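Note sheet for the following structure.
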Amino acid sequence: MARALLGARLVRVRNDASRLSGIIVETEAYLGVKDRACHSFGGRRTPRVEAMYGKPGLAYVFFTYGMHHCFNVVCGREGEPVAVLVRALEPVEGLDAMRRLRGRKCGDRELCSGPARLCMALGITLRDNGVDLVSDPNLFIEHDSTRTVPADCVVAGPRIGVQYAAQGGWSEAPLRFYVGGNPHVSARG
DNA sequence: TGCGTGATATTCT
DNA sequence: GAATATCACGCAG
């Protein structure tokens with residue numbers, strides 16, 4: 001799923017019906033109860049991670065570092081807490097509105113290149129935790145199957161910021177995927 | 001390169 | 001309940 005989401009478009013429709021969107025260019029897979037870096041490692045099931053146990057297609061949004069949100073797509077069967085973190089978008093629609101939401105001067109390259117940046121740019125918060133991306137009118141994913149990313153453009157590598165999960169090889173496992181050469185992938189790595 | 005920042009998990013009483 | 005440790009990061013310098 002982490003590979004498959006590359007090239008898909010994450011869309012936010014605002015209350016005034018305007019659209020903010022971008023092409024997913026960087027993702028990370030979190031493999032559930034066996035994965036030390038995953039919030040559901042060992043079967044942890046707390047209010048925070050509850051959405052991850054829901055049906056595939058739900059959003060799992062969490063808050064971290066006292067100031068940042070991260071957006072994930074739940075993709076295991078119901079009861080199987082597996083998700084894909086979306087780490088970067090290539091912005092397509094609503095760039096000026098995104099710049100306002102980011103609250104600082106930034107070029108196209110800085111707008112959505114990072115998991116917390118794209119949440120800011122699309123106005124994703126804990127209010128979006130648990131929404132059904134399949135049916136929600138304000139937050140969803142569009143996939144144009146005629147414009148998929150060729151397999152030989154996809155680069156795999158270690159996930160970012162999961163050194164704490166080294167035991168068992170989970171920090172080095174090649175579970176981060178990005179579109180090679182795309183200038184909108186996040187800076188680290 | 002070093003912080004800020006606050007929710008959560010974890011561990012203690 | 002309360003204390004403490006930790007964190008899927010971004011920014012100013």
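Naming: A, B, ... by sequence-line order, numbering from 1 per chain. What you see is a predicted model, and the numbers here were worked out from it, not measured in a lab.
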**OP:** Select from Ala83(A) and Glu110(A) the residue whose nearest nucleotide in DNA chain C is closer to the 5' end of that strand.
**Re:** Ala83(A)

**OP:** Using only heavy-atom distances, determine whether the side chains of Arg109(A) and Ser113(A) contain a donor-acceptor pair under 3.5 Å.
**Re:** no

How long is the line joining [atom1] of [X] and [atom2] of [N], in whole Å?
| X | N | atom1 | atom2 | value |
| --- | --- | --- | --- | --- |
| His69(A) | dG10(C) | NE2 | C1' | 14 Å |
| Met67(A) | dG2(B) | CE | C1' | 13 Å |
| Leu126(A) | dT8(B) | CG | C1' | 12 Å |
| Arg176(A) | dC9(C) | CZ | C1' | 14 Å |
| Leu118(A) | dG10(C) | CG | P | 9 Å |
| Glu50(A) | dA9(B) | CD | P | 11 Å |
| Phe63(A) | dA9(B) | CZ | P | 14 Å |
| Arg36(A) | dA8(C) | CZ | P | 14 Å |

Examine [N]: is either OP1 or OP2 under 4.0 Å from a nitrogen or oxygen in the side chain of [X]? Give yes or no.
| X | N | result |
| --- | --- | --- |
| Tyr164(A) | dA8(C) | yes |
| Arg48(A) | dA8(C) | no |
| Arg104(A) | dG10(C) | no |

Original post:
So, is dA8(C) syn or anti if syn means the angle is within 90° of 0?
Top reply: syn

Report the nucleotide, chosen from [options], that has the shortest atom-to-atom distance to any side-chain atom of [X].
| X | options | result |
| --- | --- | --- |
| Phe62(A) | dA8(C), dT10(B), dG6(B) | dA8(C) |
| Arg117(A) | dG6(B), dG10(C), dC9(C) | dG10(C) |
| Met52(A) | dG4(B), dA8(C), dA9(B) | dA8(C) |
| Asn72(A) | dC9(C), dC11(C), dA8(C) | dA8(C) |
| Thr46(A) | dA9(B), dA8(C), dT5(B) | dA9(B) |
| Leu85(A) | dC9(C), dG10(C), dA8(C) | dA8(C) |

Original post:
Would you call His39(A) stacked on dA8(C), i.e. ring centres under 5.5 Å apart with the planes less than 30° off parallel?
Top reply: yes

Original post:
If we require ring centres under 5.5 Å and near-parallel planes under 30°, does Tyr65(A) stack on dG10(C)?
Top reply: no

Subject >> Complement of dC7(C), any strand, by Watson-Crick or G-U distances under 3.5 angstrom >> reply: dG6(B)

**OP:** Please give the nucleotide sitting opposite dA12(C) as a Watson-Crick or G-U wobble pair, both distances under 3.5 Å, or none.
**Re:** dT1(B)

Original post:
Which part of the nucleic acid, if any, lies within reach of Arg159(A) when heavy atoms closer than 4.0 Å are counted: base, sugar-phosphate only, or nothing?
Top reply: nothing

Original post:
Of the options Arg159(A), Arg3(A), Arg87(A), which is the one that meets Glu28(A) in a salt bridge (charged side-chain N to carboxylate O under 4.0 Å, His left out)?
Top reply: Arg87(A)

**OP:** Would you give the length of the straight line joining atom SG of Cys119(A) to atom CZ of Phe63(A), rounded to the nearest 0.5 angstrom?
**Re:** 11.0 Å

Side-chain ion pair, [X] and [Y], N-O less than 4.0 Å:
| X | Y | result |
| --- | --- | --- |
| Arg9(A) | Glu93(A) | yes |
| Asp108(A) | Arg99(A) | yes |
| Arg117(A) | Glu110(A) | no |

